[in-house]
Amino acid sequence: MDKLVIEGGKPLSGTIVIQGAKNAALPILAASLLAEGTITIDHVPNLLDIDVMLNILRELGCRAEHKEGTVVLDTETAHTSHVPEPLMRQMRSSIFLMGPLLARFGEAQVYQPGGCAIGERKIDLHLEGLQALGAEIEELGNRIICRADKLKGADIHLSFPSVGATENIMMAAALAEGRTTISNAAREPEIQDLQGFLNAMGAKIMGAGTDTITIDGVQSLTPCRYQVIPDRIVAGTIMVAAAATRGQVTLQNTRPAHLSSLIHVMRRAGVQIAIDGDIIKVGSAARAKAVERIVTSPYPAFPTDLQSQVMVMLTLADGVSIMKETIFEGRLKHVDELTRMGADIRVDMNAAIIRGVPRLYGATVEATDLRAGAALVIAGLAAQGKTVVEQIHHIDRGYDRIETMLSRLGARISRYLPVPNNQ
Ligand code: UD1
């Protein structure tokens, strides 16, 4: 397995262009199945999760090419609604295919995406939403078969604003007969991007970004060209890395409005942040101040996907901070690894009580999931001495060559491939 080796203690400095958003690109790729023809999607990041989604689409019969950030997808040749189990297991986001397959073929055969390192991650709201649109759902062990001769618009209230369920329902409802209303919908920017893409193909959707989304079903959608929004979580990771190393970094291709909860927290910690159009400048010469209490919640509140990274900044802050995780129950696993680097963190139920220490020390640590892995990289950049981060395939799911990106900002970080065993 590849590892990252980091010589810490060097402030990050320089300019970086932020990649397209993984969490916007994945549902957009799935939604492409709703139209028949050649669809071009720009700013698609080069990531493991994107490779898995493209492989699934190929398995369904599509032709897909991903070159220099652009995906060209021919969906006309798609011929099956059955997602093979091994591919389904590689990525939870394959669940996004349920809505589009059901709308296009009247049937979707998928598998339970199973447990996940960060928590149970149920799909009941996805299934309830599709049932409300008229789908019949049969569960045979971990196999799920959805069928609907004709999807019909419905009023759907989500008991929790699930990002994935909102997206699955939007995609299925785009081709349903009549009007669908989703209340208590998730408001994440990626949902607005999905609305933008579907409307560019001729869908009639309003309200994404608010808690009520209205979808007026249309007969068919037509292929289009579309550009994915910048990745707010990658941008946030770099902003925090700049602050934790007391560096100066300029981020280009960002949407500062998508990062307002992080910017608010970082300013409270005393980090200097300047915004100019789509450019964010982050600078921090002094030690950060503790932030009394941060609670992860659905957008626009503080995102769970930046919880572990910000925790690293707080391990080095002056004072005691509290970070409460309310979205995923298994998302504090990085705490043990950070403790091995000298952090002083106590976990009480779903809250981490972080007592700032003057410095972290390099160690060999293991990425347990995507964002926890990114947090350990930040810790390694800020720490004194050498850090080895193992299990970095998790990080490759969401960051396009993180070591290249950080090296451009002056970090001393390299990827080591396993030495082949010749015996
Ligand atoms: C998406 C993001 C992920 C982010 C998360 C929360 C993608 C590809 N992934 O994941 O990076 O961390 O939003 O911002 O966009 N839940 C149910 N039943 C369901 C669905 C969800 O109980 O049917 C629960 C989950 O267990 C979890 C919470 O709702 O506790 C949030 O999940 P959800 O918003 O659906 O996240 P994802 O779409 O999986």
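These numbers come from the heavy atoms of this one structure, side chains and all, not from hydrogens, waters or symmetry mates. Counting starts at 1 for both ligands and their atoms, in listed order. It should be emphasised that the depicted structure is a prediction, and the values quoted were computed from it without experimental measurement. Just so you know, residue 1 is the first one in the sequence shown, and it goes up from there.
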Give the contacting part of V163 toward ligand 1: side chain, backbone, both or neither, where contact means a heavy-atom distance below 4.0 Å. both
Whether R331 lies under 4.0 Å from ligand 1, heavy atom: yes
Using heavy-atom distances, let me know which of I191, D369, L125 sits nearest atom 23 (O) of ligand 1. L125
Check if A186 has a non-hydrogen atom at a distance under 4.0 Å from any atom of ligand 1. no
Can you check whether K333's main-chain N or O pairs, donor with acceptor, with T368's side chain at less than 3.5 Å? no
Of D42, T38, T40, which is the lone residue that meets side chain to side chain donor-acceptor pair (under 3.5 Å) with R225? D42
Where at least one partner belongs to residues 167-184, residue pairs that pass salt bridge (charged side-chain N to carboxylate O under 4.0 Å, His left out), sequence neighbours excluded: R179-D216
Check: T212 main-chain N/O paired with S183 side-chain donor or acceptor under 3.5 Å: no
Using a 3.5 Å distance criterion without hydrogens, assess whether the side chain of T75 forms a donor-acceptor pair with backbone atoms of G37. yes
Which of I233, L370, V44, D400 passes side-chain contact (heavy atoms from CB on, under 4.5 Å) with K22? It is L370
Side-chain ion pair, R331 and D305, N-O less than 4.0 Å: yes
Applying a 4.0 Å heavy-atom criterion (strictly less than), which segment of S162 is in contact with ligand 1: side chain, backbone, both, or neither? both
Quick one: does any side-chain atom of D369 pair with a main-chain N or O of A372 as donor and acceptor, under 3.5 Å? yes
Heavy-atom gap E190 to ligand 1 smaller than 4.0 Å: no
If you measure every N or O of I327 against every N or O of ligand 1, does any of those distances drop under 3.5 Å? yes
Numbered in order shown, the ligand 1 atoms found under 4.0 Å of a heavy atom of S93 are 8 (C)
Side chain, backbone, both or neither: which part of D124 comes within less than 4.0 Å of ligand 1 when only heavy atoms are counted? both
Side chain or backbone of Y299 under 4.0 Å from ligand 1, or both, or neither, by non-hydrogen atoms? neither
Would you give me the side-chain donor-acceptor pairs under 3.5 Å for residues 342-356, sequence neighbours excluded?
from: N350; atom 1: ND2; to: E325; atom 2: O; distance (Å): 2.9

Backbone of V228 reached by a side-chain donor or acceptor of D193 within 3.5 Å: no
Need the ligand 1 atom indices (1-based, order shown) with element for anything under 4.0 Å from a heavy-atom of G164. 35 (O), 38 (O)
As an exercise, identify every atom of ligand 1 less than 4.0 angstrom from a heavy atom of F160. 28 (C), 29 (O), 31 (C)
Proximity to ligand 1 by part of E329, non-hydrogen separation under 4.0 Å: neither
Would you say ligand 1 has an N or O under 3.5 Å from any N or O of E167? no
Polar-atom distance check: K122 versus ligand 1, any N or O pair below 3.5 Å? yes
Below a 4.0 angstrom heavy-atom separation, can you tell me which part of L127, side chain or backbone, both or neither, approaches ligand 1? neither
As an exercise, identify every atom of ligand 1 less than 4.0 angstrom from a heavy atom of D305. 3 (C), 4 (C), 11 (O), 12 (O)
Side-chain (R267) to main-chain (I273) donor-acceptor, under 3.5 angstrom: yes
